[in-house]
Structure formats: structure tokens, C-alpha cells
S.K.: 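Have a look at this one.
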Amino acid sequence: MRKAYAHDAVVTMAADGDIRAPGGAITVALCGRIDHDPPCPVAPHHTAADRDGDEVRLRILFATEPSRAAEVRSGIEGALRTGTFDGPDGATTRWQLLESAPGTVSPAELDHAERLKR
């Protein structure tokens, strides 16, 4: 049975960088490609990004079996450490990973987390 998890990260990128790019890299790492039919094969997930100057805070919610949680986190971190993503529009976005750590699903995220577990 799947359980919901959260992961937090901070990257820096140029002001014209696409803040969706790190989420795209995570999707490719977890799903094999950006455009796939649901459900996600390894871990249904959602990435939110919020820019503050050159820093972009990422909040990743995902659901997976507890035995695979470390594998999913490793995939997320690996994707973020690559520091680059070629978007579907052909634009390349680069970033540098500053922080990455497990988070806790907040009460405000419980409904979303439950949907990911299905």
C-alpha cells in the first residue's frame, strides 16, 4: 500500500530560467519521460515551484510503497543534481542545487497526498 511523502529542495537559476524545469527533470527520472499516460510507474508525484529572486523553492509530494521511498528520493535528488533540463519547447534550463531534504506532508496537503496514493 502506498504512503505519501514530501521532499523539499532549493535551487538557484537565472531569472529567465523556467521554474518548471526541475519538476520536468524529476518526472523524467521517476517516469522515464515527461509525457506519459497516468499513473506514474514508480511514484505518482507533484512538484510545486516558487521563485524568490534567483532561488526557486521546490516542494515535491509523492506516493509510493514504503520499501521504495528511499529509491524515489534518490531519483529526485539525482534529477536535481543534474542541474539541467531540456524542455518540450527545446529550451534548456540550468540550475544549481543548494538544498535537498525529506519533508513532512502538511495538514494542508493531506487531500492532495491522498489523491496521489490512489
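Fair warning: this is a prediction, and the values are worked out from it, not measured in the lab.
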S.K.: Report yes or no: does Trp95 contribute a side-chain atom to a donor-acceptor pair with the main-chain N or O of Gly17 at less than 3.5 Å?
M.R.: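 No: the side chain of Trp95 does not pair with the backbone of Gly17.
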S.K.: Do the side chains of Leu58 and Val11 get nearer than 4.5 Å, heavy atoms only?
M.R.: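 Side chain of Val11 against side chain of Leu58, heavy atoms only: contact under 4.5 Å found.
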S.K.: Is any side-chain heavy atom of Val42 closer than 4.5 Å to one of Arg68?
M.R.: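 Yes; the side chains approach each other to less than 4.5 Å.
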S.K.: Given the rule that I, L, V, M, F, W and Y join up when any side-chain heavy atoms are under 4.5 Å apart, are Ile19 and Val28 in one cluster?
M.R.: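 Looking at the clustering, Val28 is in the same group as Ile19.
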S.K.: Hey, could you give me each pair passing ring-ring contact (aromatic ring centres under 6.0 Å, His included) that has a residue in residues 18-44? Not counting sequence neighbours.
M.R.: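 Matches after skipping sequence neighbours: none remain.
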S.K.: Run the side chain to side chain contact (heavy atoms under 4.5 Å, CB included) test on Thr93 and Thr84 for me, step by step, so that the C-alpha distance in whole Å, both residues' side-chain angles and the decisive distance to 0.1 Å come before the verdict.
M.R.: CA-CA 6 Å; Thr93 300; Thr84 187; over 6 Å; no
S.K.: Between Thr27 (side chain only) and Gly23 (backbone N and O only), is there a donor and an acceptor less than 3.5 Å apart?
M.R.: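 Yes, the answer is positive, given that a donor and an acceptor are paired below the 3.5 Å cut-off.
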S.K.: Would one find more than 12 heavy atoms of other residues, nucleotides or ligands at under 6.0 Å from atom CG of Asp111?
M.R.: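 No.
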S.K.: With rounding to the nearest 0.5 Å, note down the distance linking OG in Ser100 to CD1 in Ile76.
M.R.: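 Ser100 OG to Ile76 CD1: 7.5 Å, rounded to 0.5 Å.
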S.K.: Is Leu116 reachable from Val105 through a run of hydrophobic residues whose side-chain heavy atoms are each under 4.5 Å from the next?
M.R.: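 Yes, because Val105 and Leu116 connect within a single hydrophobic cluster, where side-chain heavy atoms sit under 4.5 Å apart.
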S.K.: Mind listing the closest non-hydrogen atom pair of Ala113 and Ala4 along with its distance?
M.R.: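 Between these two residues, the closest heavy atoms are CB-CB, 3.5 Å.
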S.K.: What residues form a ring pair (Phe, Tyr, Trp, His ring centres under 6.0 Å) with His46, not counting sequence neighbours?
M.R.: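 Counting only residues at least two positions away or on another chain, His46 forms a ring pair (Phe, Tyr, Trp, His ring centres under 6.0 Å) with His112.
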S.K.: Could you check whether any side-chain heavy atom of Leu97 comes within less than 4.5 Å of a side-chain heavy atom of Glu99, counting everything from C-beta outward?
M.R.: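 Of all side-chain heavy-atom pairs linking Glu99 with Leu97, none is under 4.5 Å.
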S.K.: Between CG of Leu98 and CG of Asp54, what distance do you get to the nearest 0.5 Å?
M.R.: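 Between atom CG of Leu98 and atom CG of Asp54 there are 10.0 Å.
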S.K.: Might you work through the side chain to side chain donor-acceptor pair (under 3.5 Å) test for Thr12 and Glu55, ending with a clear yes or no?
M.R.: CA-CA 4 Å; Thr12 59; Glu55 288 190 357; over 6 Å; no
S.K.: I need the minimum non-hydrogen distance between Met13 and Arg51, along with the two atoms involved.
M.R.: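 The pair with the smallest heavy-atom distance is SD-NH2, 3.6 Å.
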S.K.: Hey, could you give me the CD/CZ distance between Glu65 and Arg2, rounded to the nearest 0.5 Å?
M.R.: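 The CD atom of Glu65 sits 6.0 Å away from the CZ atom of Arg2.
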S.K.: Measuring from Asp18:CG to Thr92:OG1, what's the distance to the nearest 0.5 Å?
M.R.: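 It comes to 11.0 Å.
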S.K.: If I compare all heavy atoms of Gly75 with all of Ala29, which pair ends up nearest, and what's the gap?
M.R.: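 Here Gly75 and Ala29 meet closest at O-CB, 3.7 Å.
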S.K.: Taking all non-hydrogen atoms of both residues into account, name the closest pair between Ala43 and Leu30 and its distance.
M.R.: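 Heavy atoms only, the tightest pair is O-CD1, 4.3 Å.
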S.K.: Does NZ belonging to Lys117 count more than 12 external heavy atoms closer than 6.0 Å?
M.R.: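 Check passes, neighbour count above 12.
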S.K.: So do Leu61 and His45 actually touch side chain to side chain, heavy atoms under 4.5 Å?
M.R.: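 Side chain of His45 against side chain of Leu61, heavy atoms only: no contact under 4.5 Å found.
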S.K.: Can we say Asp50 and Arg57 salt-bridge, meaning some charged N sits less than 4.0 Å from an Asp/Glu carboxylate O?
M.R.: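 Salt bridge: no.
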S.K.: Any non-hydrogen side-chain atom of Phe62 less than 4.5 Å from a side-chain atom of Arg73?
M.R.: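 Sidechains of Arg73 and Phe62: in contact.
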S.K.: Do Glu109 and Arg59 have side chains that approach each other closer than 4.5 Å (heavy atoms only, starting at C-beta)?
M.R.: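 Counting from C-beta outward, Glu109 and Arg59 do come under 4.5 Å.
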S.K.: Nearest 0.5 Å please: distance from the CG atom of Leu80 over to the CD atom of Gln96.
M.R.: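 If I round to the nearest 0.5 Å, the distance is 12.5 Å.
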S.K.: Just by distance, no angles: are the side chains of Glu71 and Ser74 close enough, under 3.5 Å, to form a donor-acceptor pair?
M.R.: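 On atom types as modelled, these side chains do not qualify, holding no pair under 3.5 Å.
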S.K.: Considering non-hydrogen atoms only, spot the tightest contact between Tyr5 and Ala69 and give its length.
M.R.: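 Residues Tyr5 and Ala69, closest heavy atoms: CZ-CB, 3.6 Å.
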S.K.: Let me confirm one number: the CG-CD1 distance from Asp86 to Ile34, rounded to the nearest 0.5 Å.
M.R.: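 One gets 11.5 Å once the value is rounded to the nearest 0.5 Å.
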